[in-house]
Amino acid sequence: MQSAGTSHNRNSRGSKKLLEKVVVGFDRDAEIIRDKIAEDGKQLDVVSIVGMGGIGKTTLANKVYTDPFVVYHFHVRGWVTVSQTYDKRDLLIQVLSSIDDQLELKKASYSQLHEMLHRSLYCQRYLIVIDDIWSKEAWDKLKLFFPDHNTGSRILLTSRLTEVAAHAKSLGLIHHLQHLTEEESWKLLCEKVFKGDECPKWLIEPGMQIAKICHGLPLSVVVMAGVLAKEPRHKDVWLKISCSVHSYIAGDEKGCLETIALSFHHLPLHLRDFFLYLGGFPEDYLISSPWLLWVWIAEGFIQEDGSQSLVEIANGYLMDLVDRNLLIVEQLFAWCDVSVCKVHDLVRQLCVEKGKEERFFLKIWLATI
């Protein structure tokens, strides 16, 4: 078993690549959406990306959002993640921060934030991404934030629910994101596991079988890549994993949860408490990594080993979870350690379910008595 110290040192050197998004299979989708949002129409319009959880809606939206032509075409760009539960003031802070990260927002009132957003968008051609919206009611409230000055502005919306997209669109496009092909799934698996290196010949057959059983769901492929990346590159090991994957994966969200559960079952015992603790955060919550490390320490999860500080050991465990694709890195410090991270909502759901099964949070509560 690799020590926390080894894990921390290795990942610190390689962590500059943590924020590099591996995007496979979305080129045509991105082209369709980019062309639609750049059409000549002056009226504010909505383009939606719809698909199941884990299929890559946010990744595709980000690919469009950062496209050089899109950056050039729109005067102002902003991003807000909604989720099932939300606070309108927090949403205003999100979108304003994405437009200008120098704004002082913490002490501003709701009405002041609303006015600031109005001034930021006034008579500008803007693009706003509204990510992970779950209800028509949420859209009806959010759309009031975004004025229409006939400047060709666009809203790019992602949702699992077609009815939400249909409710939001006027003249716009509802783009149903399809699963990856087997070839694309295999390419994504290789990119995530081998980081640009060639896959050894003896691993191609079991690796392609694993990619195939992921049924084109990018999240499933990424989670399986996290499993494989931690295993020896031996054909018999990969064959064993390929034989067990089928029973965990189906073409629905429950199947995706079972895929993530496979990654959970591959976690070393010493990492499981750290993983389950993530289920205590709300959906899409941005977690301050230094704060998380100190909480883990305060909960008594970290044992001294005499050669490292408790913070260094905790950071090694954090980086191990990042390597397994169970934590998403949002920001890095200048020295390349993780500054802010979050948990994908399906991974969080698994944390909650496993935590209930193991009465994990009850154990945490009893330990504090």
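Nothing fancy with the numbering, it's 1 onward along the sequence. The structure presented is a predicted model; accordingly, all values stated were derived computationally and were not measured.
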[atom1]/[X] to [atom2]/[Y] distance, rounded to the nearest 0.5 angstrom?
X	Y	atom1	atom2	answer
His179	Cys214	NE2	SG	11.0 Å
Arg28	Ile33	CZ	CD1	11.0 Å
Ser109	Met116	OG	CE	10.0 Å

Is [Y] close to [X] at the side-chain level, that is, under 4.5 Å between some pair of heavy atoms?
X	Y	value
Asp337	Ser289	no
Leu156	Leu127	yes
Ile328	Val343	no
Leu180	Pro218	yes
Val82	Asp131	no
Pro200	Phe194	yes

- Task: Please confirm whether Tyr317 and Phe301 have ring centers closer than 6.0 angstrom.
- Result: no

Nearest heavy-atom neighbours spanning [X] and [Y]:
X	Y	result
Leu144	His114	O-NE2, 3.9 Å
Gly51	Lys57	O-NZ, 3.0 Å
Gln43	Asn150	CA-OD1, 3.9 Å
Pro206	Ser242	O-CB, 3.9 Å
Leu96	Leu113	CD1-O, 3.6 Å
Gln124	His75	OE1-CB, 3.2 Å

Could I get the full list of side chain to side chain donor-acceptor pair (under 3.5 Å) partners for [X], not counting sequence neighbours?
X	value
Trp186	none
Asp29	His175
Arg119	none

Within the supplied structure, the quantity of interest is the number of heavy atoms (other residues, nucleotides, ligands) at a distance under 6.0 Å from [X] [atom1]; does it exceed 12?
X	atom1	result
Tyr285	OH	no
Glu31	CD	yes
Tyr122	OH	no
Glu183	CD	no

- Query: Would Tyr126 and Phe74 satisfy ring pair (Phe, Tyr, Trp, His ring centres under 6.0 Å), going step by step from the backbone distance to the final call?
  - Reply: CA-CA 5 Å; Tyr126 63 81; Phe74 291 97; 8.4 Å; no

Main-chain N/O of [Y] paired with [X] side-chain donor or acceptor, under 3.5 Å:
X	Y	result
His149	Cys123	yes
Lys107	Glu104	no
Arg125	His73	yes
Glu299	Trp296	no
Ser159	Ile133	yes
Gln178	His176	yes
Trp202	Arg233	yes

Cluster question for you: counting only ILVMFWY and a side-chain heavy-atom cut-off of under 4.5 Å, with indirect links fine, are [X] and [Y] together?
X	Y	answer
Tyr86	Leu161	yes
Val295	Leu321	yes
Leu278	Leu286	no
Val47	Val71	no
Phe275	Ile297	yes

- Plane angle bin for Tyr65 and Trp79 - parallel if under 30°, tilted between 30 and 60°, otherwise perpendicular: perpendicular

I'd like to know if [X] pairs up with [Y] as an ion pair, taking the criterion as any Lys NZ or Arg NE/NH1/NH2 lying under 4.0 Å from an Asp or Glu carboxylate oxygen.
X	Y	answer
Lys354	Glu357	yes
Asp45	Lys36	no
Glu353	Lys356	no
Lys230	Asp320	yes

- Tell me, with the steps shown, if Trp294 and Leu310 meet side-chain contact (heavy atoms from CB on, under 4.5 Å). CA-CA 9 Å; Trp294 281 111; Leu310 294 178; over 6 Å; no

- Message: Do Asp132 and Thr81 pair up side chain to side chain, a donor and an acceptor below 3.5 Å, judged on atom types alone?
- Response: no

- Message: Side chains of Asp140 and His167 only: does a donor on one sit below 3.5 Å from an acceptor on the other?
- Response: yes

- Is there a side-chain contact (heavy atoms from CB on, under 4.5 Å) between Val338 and Leu318 once you walk through the steps? CA-CA 9 Å; Val338 177; Leu318 175 74; 4.2 Å; yes

- Task: I would like to know whether Val50 and Leu177 meet side-chain contact (heavy atoms from CB on, under 4.5 Å); could you show each step before the answer?
- Result: CA-CA 6 Å; Val50 175; Leu177 190 55; over 6 Å; no

- Message: The test is side-chain contact (heavy atoms from CB on, under 4.5 Å); show your working for Val70 and Arg34 and say whether it passes.
- Response: CA-CA 7 Å; Val70 171; Arg34 184 192 63 202; 3.7 Å; yes

